[in-house]
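Have a look at the structure below, then the notes.
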Amino acid sequence: MERQLGTVAIRGALLDCVGDPFYEPEFQAVRYIADGLLLLRDGQIEALGTYADLVSRVGDRPLIDHSGQLIIPGLIDTHIHYPQTGMMAAYGEQLLEWLNRYTFPTERKFADPAYARSVAELFLDELLKHGTTTALVFAAVFPASVDAFFEAAEARNLRMISGKVMMDRNAPDYLSDTAQSSYDDSKALIEKWHGRGRLLYAVTPRFAGTSTEAQLRLAARLLDEFPDVYLHTHLSENVSEVTWIQELFPQYAGYLDVYDQTGLVRERSLFAHGVQLTDAEFQRLSEAKAAISFCPTSNLFLGSGLFRLEQAKNPEHPVKVGLGTDVGAGTSFSLLQTTNEAYKVAQLRGQKLSAFKALFLATLGGARALCLDDKLGSFDPGKEADFVVLNPQATPLLALRNEGGIPPTLDALEDLLFSLVILGGDRAVTATYIMGEQAFSNVADHG
Ligand code: GUN
Ligand code: ZN
């Protein structure tokens, strides 16, 4: 009989979040089964438990043995630009100069659908190699750049969110749309792609600096017309940017207020960066249940600043937060590496970011930020079986650091996870599974 796709049993050390460790005791917020078994059916999680308890239910499922390795939910990148894949490591500029000098000329190339498709494939290879299974992705201004991305993601059965950049001022002519054309093109793309398979659409005005008020209002109209699409944009990243936005929109109280008064601050809105947000702006985001993507490698690379994570997670006015790589201003596709930098940003601010808190941001926290926690972010039965296998002894250095292998206690596990974040990066990723099927394996590389 033909094997059912995504109907397998996976053995290994299972670790996921069942709550938010920023608000409850860490050891209550995580679930750890040192010798665990995941039973999958049709790409979804049917059951999880100890190997001893569940082995009798494996039935005719092939059993894939990752004993000695750590299995966590697929990593979720809440902010990234696929057209900027080829321009990472662009030297010497801060945000506004970086956009004009490097970014806009690069994005021009995405007018060519064949080129866009080839970069989309390479981009998705990189995501999977780094254990990222879902991302909220900027495409370019050209509708065909969105088609290219979604076609590539659909062929791999990935849960991806993307959208056409809207930009009707302060950009080169070759990248500019108009308020009306951006509305029409986005609408057609929503009708074509939103909810097709695992794909979802995000209305994507680049940022207030490159949109007229008319364009922002039409973006909000799309959100009214299609209430379950997302809003994805940048917010309060860099000091000069914030000053410039205030000059462009003098009638508004501040940067967030521009988005708010035009109808863009909602539950399914995700704002990248937020480095320069005021306390009142954090409060407003909390009230609106909107989300922030914390992008430490990008914020350090562009010299934007140190994100106030503890203010975002303030229990008095909690804001949903996920992690973003923000490639190409970000310097790595890896959310483990991104966590490494997030830890250092916290240190510079006199704060601590524990490994379990970081795990939350990269998995269940990201899923909550994207309102996808009914489908992603943990191993709860019924969720989609996207997950990552990490090798605690992936390199000679890690083998020395973690010579005991998979530990029995949560204390020791948190230490091991921290070592993977600081020392591991992509080398720690043994395999990535999408809907229960292996989509990346590094075994050949190391074989
Ligand atoms: N603000 C507006 N556009 C961009 C972009 O492409 N990258 C980053 N990091 N910030 C932006
Ligand atoms: Zn960005």
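Counting starts at 1 for both ligands and their atoms, in listed order.
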- N/O/S atom of H273 inside 2.8 Å of the Zn ion (ligand 2), strictly under: no

- Query: Can you tell me if C295 has an N, O or S atom under 2.8 Å away from the Zn ion (ligand 2)?
  - Reply: no

- Query: Considering only heavy atoms, does T210 approach ligand 1 within less than 4.0 Å through its side chain, its backbone, both, or neither?
  - Reply: neither

- Item | Ion pair check, R266 and D260, cut-off under 4.0 Å | no

- Message: Is the ring pair H130/F333 parallel, tilted or perpendicular, if the boundaries are 30 and 60 degrees?
- Response: parallel

- Record the part of E241 in heavy-atom contact with ligand 1 below 4.0 Å; permitted values are side chain, backbone, both and neither. neither

- Query: What's the atom name of the N, O or S in D326 nearest to the Zn ion (ligand 2)?
  - Reply: OD1

- Item | For the Zn ion (ligand 2), the closest N/O/S atom belonging to H81 | NE2

- Only one of Y201, F226, F150 passes ring-ring contact (aromatic ring centres under 6.0 Å, His included) with W193; say which it is. F150

- Query: Can W98 be said to touch ligand 1, with heavy atoms closer than 4.0 Å?
  - Reply: yes

- Message: I'd like to check whether D326 has a polar contact with ligand 1, where a contact means an N/O of the residue lying under 3.5 Å from an N/O of the ligand.
- Response: yes

- Task: Anything under 30° is parallel, anything over 60° is perpendicular, the rest tilted; go ahead and classify H234 against H273.
- Result: parallel

- Aromatic plane relationship, Y252 with F249 - under 30° parallel, 30 to 60° tilted, over 60° perpendicular: tilted

